[in-house]
There are 2 protein chains.
Amino acid sequence: MVRHIVVTSVVDAITEDLREQVVNGELPPGSPLTELDVSTRYEVARSSARAAIERLTSEKVLVRRNHKTARVVELGPDDVRDIYNTRIYLESEVLRRLAGLRRVPVSSRTANSEIAELWRGGSYQIVDPDMRFHTGLIDSVDSARTSAAYHSLAFEVKLCMAQLQGRQALSPQIIVAEHARILELIELGDADGAAAMLDEHLSRARELLVGSLGGTPGPEAEWPSSAAPGAPIRQDAAPAVIE
Amino acid sequence: MVRHIVVTSVVDAITEDLREQVVNGELPPGSPLTELDVSTRYEVARSSARAAIERLTSEKVLVRRNHKTARVVELGPDDVRDIYNTRIYLESEVLRRLAGLRRVPVSSRTANSEIAELWRGGSYQIVDPDMRFHTGLIDSVDSARTSAAYHSLAFEVKLCMAQLQGRQALSPQIIVAEHARILELIELGDADGAAAMLDEHLSRARELLVGSLGGTPGPEAEWPSSAAPGAPIRQDAAPAVIE
DNA sequence: GTGGCAATATTGTCCGACAAGTAGACAACT
DNA sequence: AGTTGTCTACTTGTCGGACAATATTGCCAC
């Protein structure tokens, strides 16, 4: 199937489209992406496909070992723990600074209202506004590198979400309340309180995610493209090693 | 026991070598790197040179816009501020955690001893052990992503150092004392104290760096690609340290 | 001098080719 | 049997050349 793309640069477009396909689950974790595959699907030269794959590999969206074909990254419980802990490390100190200034970013407040709204509307698709709440806090300190680091983590969270296709839900009610409490503590200038609340908030989310990733092995899906019938996939883990 | 072996590819090798040349100043900030240039210098195909350049671009070692040739990144005062602020954000919370556990990483302690030793020996080449002090703290929380983020920042600090070829110095004596104080406060479980000390420590370094980057416009030199008569400054006796 | 045009340099993309590495199957050998 | 060797099919890593699109430079006319 030929996929259409808008041309900024061929490689840019392919990279973007593939990334999109990964986050929305069209390319499930672990599915292989050969250079030829990509080049024919988009009708471009192999070198261009290769470049796109390399970029996504450097972004950790794909993983590839030496002479082997790239695969969509699979995030396990350990990764989730790591991602959330790093989020906590980064966001805690930012929160303390904001509390010191008693400054609450508008974008975070509106994002939290959105979640509440969605919840009242019966929707549970709150991942996006939830992320905006947090990135709003981070971005408000106006540090490009801090923002970049956090956004990278946020992207990985999205990958996790794509991975467990909407099973698992965190109660929007609790989320909204905790977010509100965090903003309140910032306004009160209570740095320790805000940091503690954030820790609790993210730690709960972390444990829930870890549980639903590690606890339930899930439906153990097949990877559609180019897999022989009844292929027992995914037993390799060792790179170029010698015993 | 499983032993790992590394097999380097052409692109890997070039990438590494170029990166090395950037950090040790052989390729000064702003110098252009055309694909043809690189491909002929290393005697490889242009596609390989291109791949290496793209990797370094994604690492922020080089910068490149649309159809223009890549250049070695130039870090200005704003970048330095950003880098150090992000360091502070990340490292503060890690320090608090360590203080909570009253845990002092051995590697940081030994690294600080090294600085003291070098200072007593009359040397001012303390950038490396200084970084090891800080990465020792970060790495001790055992989070791959946190470490990766911090190491990326540390690399940018190295770039800054390369950029101002050893004018400017921060007294090793003060550095060692502050490091020691930080470790002491961790041992005492004083999270706030440790975080405050770190803030002071890094903020001073930041301001010094910002000053010597922004205040002095510098020699505003031409970029002589590969060996022009004008020998770079590089006097090794001079205090060549900023933190 | 300055605007504009032509020559040049450099990138972005394509193609085709081939060596080298990986993986699975199957035969051969001890 | 179980280990080892070989074959084949697939894929990656690298090469070299080619060409259009774009950026840079230098020159010319005004």
Side-chain angles (χ1 to χ4, degrees), chain A residues 2-18 27 30-58 62-72 223-243, chain B residues 2 4-18 27 30-58 62-72 222-223 225-226:
Chain A
V2 181
R3 297 188 62 89
H4 291 263
I5 51 181
V6 256
V7 187
T8 52
S9 130
V10 172
V11 178
D12 281 343
I14 296 176
T15 305
E16 214 171 305
D17 196 60
L18 283 179
L27 285 173
S31 44
L33 276 177
T34 70
E35 299 177 355
L36 200 63
D37 227 15
V38 175
S39 72
T40 55
R41 271 208 293 154
Y42 290 98
E43 291 184 309
V44 297
R46 181 161 78 101
S47 47
S48 304
R50 179 185 177 81
I53 289 176
E54 271 186 2
R55 272 200 216 172
L56 292 173
T57 301
S58 84
L62 305 180
V63 290
R64 179 166 52 169
R65 288 187 294 276
N66 252 348
H67 268 260
K68 299 176 66 175
T69 109
R71 292 171 175 277
V72 177
W223 321 125
S225 71
S226 76
I233 345 149
R234 212 64 200 124
Q235 243 70 23
D236 56 5
V241 288
I242 291 183
E243 284 222 31
Chain B
V2 183
H4 293 254
I5 56 174
V6 225
V7 16
T8 69
S9 73
V10 171
V11 179
D12 281 343
I14 296 176
T15 305
E16 214 171 307
D17 195 60
L18 284 179
L27 285 173
S31 44
L33 275 177
T34 71
E35 299 178 354
L36 201 63
D37 223 18
V38 174
S39 73
T40 54
R41 272 207 293 151
Y42 290 96
E43 291 186 307
V44 296
R46 181 161 79 97
S47 46
S48 303
R50 179 184 179 79
I53 289 175
E54 270 186 2
R55 271 199 216 172
L56 292 173
T57 301
S58 83
L62 307 179
V63 289
R64 179 168 50 168
R65 287 190 304 276
N66 247 347
H67 269 261
K68 298 174 62 179
T69 107
R71 292 174 174 278
V72 176
E222 295 301 309
W223 315 127
S225 59
S226 67

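Residue numbering restarts at 1 for every chain, and letters A, B, ... go by the order of the sequence lines.
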Side chain of [X] (C-beta onward), nearest among [options]:
| X | options | answer |
| --- | --- | --- |
| R50(A) | dC15(D), dG13(D), dG12(C) | dG13(D) |
| T34(A) | dC15(D), dT12(D), dC14(C) | dT12(D) |
| E35(A) | dT11(D), dT13(C), dG13(D) | dG13(D) |

Determine all donor-acceptor pairs shorter than 3.5 Å in which one atom belongs to a side chain in residues 50-58 of chain B; sequence neighbours excluded.
residue	atom	partner	partner atom	Å
R50(B)	NH1	E35(B)	OE2	2.5
R55(B)	NH1	D12(B)	OD1	2.5
R55(B)	NH2	D12(B)	OD1	3.4
T57(B)	OG1	I53(B)	O	2.7
S58(B)	OG	R55(B)	O	2.8

Could you list, one pair per line, each protein nitrogen or oxygen that sits under 3.5 Å from a nitrogen or oxygen of nucleotides 18-22 of chain D, together with the distance?
residue	atom	partner	partner atom	Å
dA18(D)	N6	R46(B)	NH2	3.2

In whole angstrom, what separates [X]'s [atom1] from [N]'s [atom2]?
| X | N | atom1 | atom2 | result |
| --- | --- | --- | --- | --- |
| I53(A) | dT11(D) | CD1 | C1' | 11 Å |
| L33(B) | dA9(C) | CG | C1' | 16 Å |
| I5(B) | dT22(C) | CD1 | C1' | 14 Å |
| I14(B) | dG13(D) | CD1 | P | 14 Å |
| R65(A) | dG13(D) | CZ | P | 13 Å |

[X] vs [N]: side-chain N/O to OP1/OP2 distance below 4.0 Å:
| X | N | result |
| --- | --- | --- |
| S48(A) | dG12(C) | no |
| S9(A) | dT13(C) | yes |
| K68(B) | dA9(C) | no |

**Prompt:** With distance as the sole test, does S48(A) use its side chain to make a donor-acceptor pair with the main-chain N or O of V44(A) at under 3.5 Å?
**Reply:**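 No, S48(A) side chain to V44(A) backbone: no donor-acceptor pair under 3.5 Å.
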
